[in-house]
Amino acid sequence: MRHRTILGTSVALTELGFGASVIGNLGRPTPDSEAQAAVDTAWAAGIRYFDTAPHYGLGLSERRLGTALARRPRDTYVVSSKVGRLLVPNPRPQGRDPEGFAVPDDHVRRWDFSRDGVLRSIEDTLTRTGLDRLDIVYVHDPDEHWQQAAAEAIPALAELRDQGVVGAIGAGMNQSTMLARFLRETAADVVMLAGRYTLLDQGALDDVLPTAIELGKSVVAVGVFNSGLLSRERPTTNLTYDYQPAAPELLARAEAIADVCEAFGTTLPAAAVAFPLHHPAVVNVTLGMRTPGQVVRNTTLHDRPVPDGLWEELRARRLIRLDAPTG
Ligand SMILES: NC(=O)c1ccc[n+]([C@@H]2O[C@H](COP(=O)([O-])OP(=O)(O)OC[C@H]3O[C@@H](n4cnc5c(N)ncnc54)[C@H](OP(=O)(O)O)[C@@H]3O)[C@@H](O)[C@H]2O)c1
């Protein structure tokens with residue numbers, strides 16, 4: 001699989017990445033054996049970038065990913081994790097984690113973007129994964145914490161990067177505006193942009209993507225199915241957009257895009273995976289993968305060539321923005 005390098009760093013990512021939130025039991029339980037098999041299948045398919053976070057299953061995603069990668073040579077893959085939520089023992093466990101993961105609520109998340117919080121979070125991640133280092137560290141969802149994340153978390157990460165402890169640093173969020181600020185106003189090298197550069201939402205063309213180009217920084221695109229609506233060949237009413245029921249006009253637009261894809265001999269999810277990789281600031285698309293079957297499907301989508309004329313047709317029908325790079 002082809003690699004692209006995060007500009008200004010020596011961290012090279014495979015074009016397709018493995019999003020490990022789902023193996024933290026996102027939405028429903030996934031057996032250990034299936035999670036391990038998903039990572040093994042991703043490895044066999046050539047994927048060498050793996051993204052996780054303490055948030056994902058209260059540490060389960062990090063533990064499972066670390067176990068699955070333990071026997072691989074450390075210099076042959078890239079792992080990112082995130083800081084901003086410390087996991088602390090839950091004084092009053094009630095049963096199941098209330099934040100969407102099918103795990104026991106034996107810990108709770110405590111927001112913390114302080115320097116000490118960042119260092120402790122990384123130590124905890126290294127313990128859970130069993131890894132000796134992280135290649136990339138993102139501040140995670142600092143929407144309500146700009147001040148502390150920019151003033152304390154990023155400088156703490158920059159020190160680690162400058163000491164050679166981590167390879168690249170940045171921020172991961174579901175919005176593009178603040179990510180542009182991280183690139184412009186802090187020492188971030190790369191941002192993980194969730195759901196804002198997809199076939200249904202190209203808002204990032206107004207802020208973070210041109211900012212990355214201007215400053216020589218990079219973008220990892222995730223949530224490229226907008227949480228589900230773009231993940232099937234034919235969109236259906238039960239699929240979500242940004243983790244909520246999809247509005248009728250979005251469903252209609254997804255259907256119209258699917259029609260064009262079908263007419264050109266490809267599929268909606270294949271186009272959804274290919275589209276962000278055409279932007280010169282985007283170095284990787286990372287997809288959530290829970291089972292070996294999903295890994296096989298997602299790597300097949302990535303391998304599928306984009307038919308000539310597809311983007312031009314979508315542009316002519318005003319289904320994607322005229323200024324979205326596609327060539
Ligand atoms: N703030 C942040 O930094 C941030 C935000 C979002 C994501 N991320 C990262 O990006 C990764 C990917 O994000 P994501 O998982 O939210 O979005 P995604 O990859 O766009 O996947 C979202 C949905 O697509 C479905 N899907 C994926 N592969 C499929 C397949 N082969 N067949 C059918 N359905 C498929 C999943 O179904 P099922 O649920 O049924 O399995 C899921 O509902 C995460 O794992 C995480 O590493 C980071």
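Hydrogens, waters and symmetry mates are skipped; everything else that's a heavy atom, side chains included, is used. Both ligands and their constituent atoms are indexed starting at 1 by order of listing.
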Check: Is ligand 1 under 4.0 Å from a heavy atom in the side chain of F50, in the backbone, in both, or in neither?
Finding: neither
Item checked: Where ligand 1 meets H140 - atom numbers and elements under 4.0 angstrom, heavy-atom basis -> 1 (N), 2 (C), 3 (O)
Check: Quick one: does M289 get within less than 4.0 Å of ligand 1, heavy atoms only?
Finding: no
Margin query: Tell me whether R253 forms a cation-pi arrangement with Y241, defined as NZ or CZ under 6.0 Å from the six-membered ring centre and within 45 degrees of its axis.
Written below: no
Item checked: Residue and atom name of the nearest protein heavy atom (relative to atom 41 (O) of ligand 1), distance in Å to one decimal -> Q294 NE2, 3.1 Å
Next item on the list: With heavy atoms of R232 as the reference, note each atom of ligand 1 found under 4.0 Å away.
Entry: 33 (C), 34 (N)
Checklist line | Proximal atoms of ligand 1 relative to K82 (non-hydrogen, under 4.0 Å) | finding: 3 (O)
Next item on the list: Return yes when Y56 approaches ligand 1 closer than 4.0 angstrom through a heavy atom, no otherwise.
Entry: yes
Check: Of the backbone atoms (N, CA, C, O) and the side-chain heavy atoms from C-beta on, which set of R28 has a member under 4.0 Å from an atom of ligand 1: side chain, backbone, both, or neither?
Finding: side chain
Check: Which pair of heavy atoms, one from A187 and one from I154, lies closest together, and at what distance?
Finding: N-CG2, 3.8 Å
Next item on the list: Would you mind finding which of P269, G19, S227 brings a heavy atom closest to atom 23 (C) of ligand 1?
Entry: S227
Note to self: Taking a cutoff of less than 4.0 Å between a non-hydrogen atom of the residue and any ligand atom, is Y138 in contact with ligand 1?
What the structure shows: no
Check: What residue and atom, counting heavy atoms only, is the protein's closest point to atom 19 (O) of ligand 1, and at what distance?
Finding: G288 N, 2.8 Å
Item checked: N298 neighbourhood, listing ligand 1 atoms whose heavy-atom distance to it stays under 4.0 Å -> 28 (N), 29 (C), 30 (C), 31 (N)
Item checked: Nearest-neighbour protein heavy atom for atom 20 (O) of ligand 1, which is reported as residue plus atom name and distance -> F225 N, 3.3 Å
Notebook entry, point to check: atom 33 (C) of ligand 1: protein heavy atom closer than 4.0 Å?
Noted result: yes
Note to self: Quick check on contacts: which atoms of ligand 1 are under 4.0 angstrom from a heavy atom of L287?
What the structure shows: 12 (C), 19 (O)
Check: Between W311 and F275, what is the ring plane arrangement, given parallel below 30°, perpendicular above 60°, and tilted in between?
Finding: tilted
Checklist line | Numbered atoms of ligand 1 (with element) below 4.0 Å of V224, judged on heavy atoms | finding: 20 (O)
Notebook entry, point to check: With atoms numbered from 1 as shown, which atoms in ligand 1 lie under 4.0 angstrom from a non-hydrogen atom of A20?
Noted result: 45 (O), 47 (O)
Check: Got a sec: does the CG of D308 have more than 12 other heavy atoms crowding it under 6.0 Å?
Finding: no
Note to self: Tell me the protein heavy atom at minimum distance from atom 44 (C) of ligand 1, and give that distance in Å.
What the structure shows: S21 OG, 3.3 Å
Checklist line | Passing candidate, side chain to side chain contact (heavy atoms under 4.5 Å, CB included) with V285, options L13, N298, V224 | finding: V224
Check: Should the pair F18 and F50 be assigned to parallel (<30°), tilted (30 to 60°) or perpendicular (>60°) ring geometry?
Finding: tilted
Notebook entry, point to check: Looking at R290, which atoms of ligand 1 are within less than 4.0 Å of one of its heavy atoms?
Noted result: 39 (O), 41 (O)
